[in-house]
Amino acid sequence: MSITAVKGFNDILPVETPVWQFVEATARSVFGRFGFSEIRVPVVEKTGLFCRSIGDTTDIVEKEMYTFCDKAGSSLTLRPEGTAGVMRALIEHKLYALDAVNKLYYMGPMFRHERPQKGRYRQFHQIGAEMTGASDPIVDAQLLLMVSSLFKELGLDEPRLQVNSLGCPACRPAYREALVAFLSQRQDALCEDCRRRQSSNPLRALDCKVPGCVDATSGAPAMLDHLCGECAEHFDAVQNYLTAARVKFSLNPRMVRGLDYYTRTTFELITCLLGTQAAVAAGGRYDGLVAQLGGPAVPGIGFALGVERVALLLGDRYPARTPDLFIALAGDAVRCPGFSLMAGLQELGLWVETDCEGKSLKSQMRRADKLGSRFCLVLGDNEVASGQVTLKRMEDGSQQTVCLDAAALAAVITGGEQA
RNA sequence: GUGGCCAUGGUGAAGCGGUUAACACUUACGACUGUGACUCGUACAUUCGAGGGUUCGAUCCCCUCUGGCCACCCCA
């Protein structure tokens, strides 16, 4: 067996790239309308960046990072998510000083050493957006509106938006205590993992899928009931804005995020069509992150969507491109004039295909059909001599005689587009 | 990291101890020597993931390895 790709690292083949391009182009278009600019940051960062931002005790940092030493002995890591790198760049280049509010988006590969399965790979792709510098609830709502617009424009109304608030450093500790107290009374009913997590990350128990834990935590105290005044006010305002903007959402008081830096508003787009990989997009507010990374106290909120998962949801519902014209060449003598015509039409912006193997006319026609070409014409000695060609519309087989001239042909072909 | 399932051509797959390794799709060419789709014809796996074993004989049984998928954990 020859060399194959690394497990969990996939080739994205020509049949799949159109969906990807559709997702990326749609994201660029929607983000652009919300005033976001693209930022491109490296795929590799110093390991410490992720430990500090994502959190030392998270699964990502504990067991899923691709970490290695370079020749100088520094510990480097393939980014497992996008926010940390973007915030590092924001701090490093003092973007917050250029403009108090920064609206940035990115797209690209992320790396997590997990067991691959449907919709989850070791190299996977995210499209994300971050908005820093403002903590007003209208910012949260704007980002949510943008996410919701993006999915609408992609033609996906199925993933549903769920929101929650995780509170802030002022109110979360008290809630955490209340939750631990609650859980400790139900020790016996909890699974091994949840018992172990009680000290490290008790909130996780709310997210546990083991039936016993679901039962045991059904009456658990909710963060939403323990928010401090400011957090509660913030969260109310976010919801009001969302309602005003007609963004559909539901509350999920049990939603927990996997990264430590989240505060206040968090959200997920959940689908029931991808089996266990339910989260298609997710994000939240991270008001302490920039300071935690050594920058000024700049608040922020962001989200990321999984391109593989979105592509899976889209299936074949994306715009397909097909050639405008296929020029079938009847005889060697006509190859050069045919190529000249092709050049003229390409220059006018048309996608033109022609024979490149010296195939029979029948084969060329078959190929024109297979490519889905909208029009086809046969160029032979007669056409070159008369200066007239028969242009055939492949869809219905209708034909018309057109002057053998790039501009004349282009007029009919693009005119046919409107009809 | 843990569990389950599966490995036959470009693809989807039958075959389950002795077969020319079915069938379908795809692809190529042809049926009209200048017109696609439908139809019809022809061609396309000395070989069944790799290595070992059992057997007169193995794609079919056993072992090992490798690969894939799905699920758990967690996540986009």
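Values in this document were obtained by computation on a predicted structure and should not be read as measured data. Residue numbering restarts at 1 for every chain, and letters A, B, ... go by the order of the sequence lines.
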>> Could you tell me the Watson-Crick or G-U partner of rA45(B), where both distances fall under 3.5 Å? Say none if there is no partner.
In response: none
> Quick one: is Thr58(A) getting a side-chain N or O under 4.0 Å of the rC74(B) phosphate, OP1 or OP2?
Replying inline: no
> Of the nucleotides rA76(B), rU2(B), rC74(B), which has the atom closest to the Phe124(A) side chain?
Replying inline: rA76(B)
> Are Arg186(A) and Phe182(A) in a cation-pi contact, defined as NZ or CZ under 6.0 Å from the six-membered ring centre and within 45° of the axis?
Replying inline: yes
> After noting the C-alpha distance and the side-chain angles of Asp140(A) and Thr265(A), does the key distance pass the side chain to side chain donor-acceptor pair (under 3.5 Å) rule?
Replying inline: CA-CA 7 Å; Asp140(A) 304 43; Thr265(A) 314; 2.7 Å; yes
> Out of rC74(B), rA37(B), rC72(B), which nucleotide sits closest to the side chain of Arg366(A)?
Replying inline: rA37(B)
>> Using a 4.0 Å heavy-atom cut-off, does Val280(A) contact any base of the nucleic acid, only the sugar-phosphate backbone, or nothing at all?
In response: sugar-phosphate
> When we call it a touch if two heavy atoms are under 4.0 Å apart, what does Glu64(A) touch: a base, just sugar-phosphate, or nothing?
Replying inline: sugar-phosphate
> Looking only at atom C1', what distance separates rG17(B) and rA71(B), rounded to whole Å?
Replying inline: 35 Å
>> Any strand counts, and the cut-off is 3.5 Å on both contacts for Watson-Crick or G-U wobble. Which nucleotide pairs with rU19(B)?
In response: none
> Within this structure, what is the CE-to-C1' distance between Met255(A) and rA76(B), rounded to whole angstrom?
Replying inline: 13 Å
> Between rA76(B), rU27(B), rC29(B), which nucleotide has the shortest distance from any of its atoms to the side chain of Ser363(A)?
Replying inline: rC29(B)
>> Using a heavy-atom cut-off of 4.0 Å across all strands, would you classify Glu383(A) as base, sugar-phosphate, or nothing?
In response: base
> Aromatic ring centroids of Phe36(A) and Tyr105(A) under 6.0 Å?
Replying inline: no
> So what does Gly397(A) hit on the nucleic acid, given a heavy-atom distance under 4.0 Å: a base, only sugar-phosphate, or nothing?
Replying inline: base
> Which part of the nucleic acid, if any, lies within contact of Lys362(A), taking any heavy atom under 4.0 Å across all strands shown: a base, the sugar-phosphate backbone alone, or nothing?
Replying inline: base
> If you measure from the C1' atom in rA50(B) to the same atom in rG67(B), how many Å do you get, rounded?
Replying inline: 10 Å
> For atom P, what is the distance between rA7(B) and rC73(B), given to the nearest Å?
Replying inline: 28 Å
> If you look at every strand shown and take non-hydrogen atoms under 4.0 Å, does Ala282(A) touch a base, only sugar-phosphate, or nothing?
Replying inline: sugar-phosphate
> Given rG30(B), rA76(B), rU35(B), which nucleotide is nearest the side-chain atoms of Arg309(A)?
Replying inline: rA76(B)
> Which base sits across from rA31(B) as a Watson-Crick or G-U pair, both distances under 3.5 Å?
Replying inline: rU39(B)
> If you look at every strand shown and take non-hydrogen atoms under 4.0 Å, does Ile60(A) touch a base, only sugar-phosphate, or nothing?
Replying inline: nothing
> What's the CG-P distance between Leu313(A) and rA76(B), to the nearest Å?
Replying inline: 16 Å
> Nearest-Å distance, NZ (Lys7(A)) to C1' (rG1(B))?
Replying inline: 13 Å
>> What's the gap between rG49(B) and rC40(B) when it is taken at their C1' atoms, as a whole Å value?
In response: 38 Å
>> Heavy atoms from C-beta onward define the side chain here; which of rA28(B), rA76(B), rC72(B) lies closest to that of Lys359(A)?
In response: rA28(B)
> Say you pick atom P in rC5(B) and the same atom in rG57(B); how far apart are they, in whole Å?
Replying inline: 31 Å
> How would you label the contact of Ala368(A) with the nucleic acid (heavy atoms, under 4.0 Å): base, sugar-phosphate, or nothing?
Replying inline: nothing
> Does a distance-only test, which skips hydrogens and angles, find a donor-acceptor pair under 3.5 Å between the side chain of Lys392(A) and the base of rG36(B)?
Replying inline: yes
> The side chain of Lys63(A) lies closest to which of these nucleotides: rU35(B), rG3(B), rC73(B)?
Replying inline: rC73(B)
> Watson-Crick or G-U wobble partner for rG1(B), using a 3.5 Å limit on both distances?
Replying inline: rC72(B)
>> Need one value for Gly119(A): base, sugar-phosphate or nothing, where a base atom within 4.0 Å counts as base even if backbone is also close, heavy atoms only.
In response: base
> Can you tell me how far C1' of rC38(B) sits from CG of Asp369(A), to the nearest Å?
Replying inline: 11 Å
> rC16(B) and rU11(B): how far apart are their C1' atoms, nearest whole angstrom?
Replying inline: 23 Å
> So which one's nearest nucleotide on RNA chain B is more toward 5', Arg112(A) or Gly8(A)?
Replying inline: Gly8(A)
> Any donor-acceptor pair under 3.5 Å joining the side chain of Arg120(A) to the base of rC74(B)?
Replying inline: yes
>> Partner lookup for rA50(B), please. Criteria are Watson-Crick or G-U wobble with both distances under 3.5 angstrom; report none if nothing qualifies.
In response: rU64(B)
>> Which nucleotide wins on minimum distance to the side chain of Arg115(A), given the candidates rC74(B), rG1(B), rG68(B)?
In response: rG1(B)
>> Against the six-membered ring of Phe375(A), is Arg393(A) placed for a cation-pi contact (under 6.0 Å from the centre, within 45° of the normal)?
In response: no
>> In whole Å, measure the gap between the P atoms of rA45(B) and rC32(B) for me.
In response: 28 Å
> Looking across every strand, which nucleic acid part, if any, lies under 4.0 Å from Ser360(A) by heavy atom: base, sugar-phosphate, or nothing?
Replying inline: sugar-phosphate
>> Nearest to the Gln117(A) side chain among rU35(B), rC73(B), rC75(B), which nucleotide is it?
In response: rC73(B)
>> How close do Ile327(A) and Gln364(A) get, counting heavy atoms only, and between which atoms?
In response: O-OE1, 4.0 Å
> With a 4.0 Å cut-off, would you call Glu81(A) and Arg79(A) a salt bridge?
Replying inline: no
>> Using Watson-Crick or G-U wobble geometry with both distances under 3.5 Å, which nucleotide pairs with rU55(B)?
In response: none
> Distance between the C1' atoms of rC44(B) and rC25(B), in whole angstroms?
Replying inline: 13 Å
>> Please confirm whether the ring centroid of Tyr318(A) lies under 6.0 Å from the ring centroid of Phe22(A).
In response: no
> Between Tyr66(A) and Phe9(A), is the ring centre distance below 6.0 Å?
Replying inline: yes
> So what's rC25(B) paired with, Watson-Crick or G-U wobble, going by both distances under 3.5 Å?
Replying inline: rG10(B)
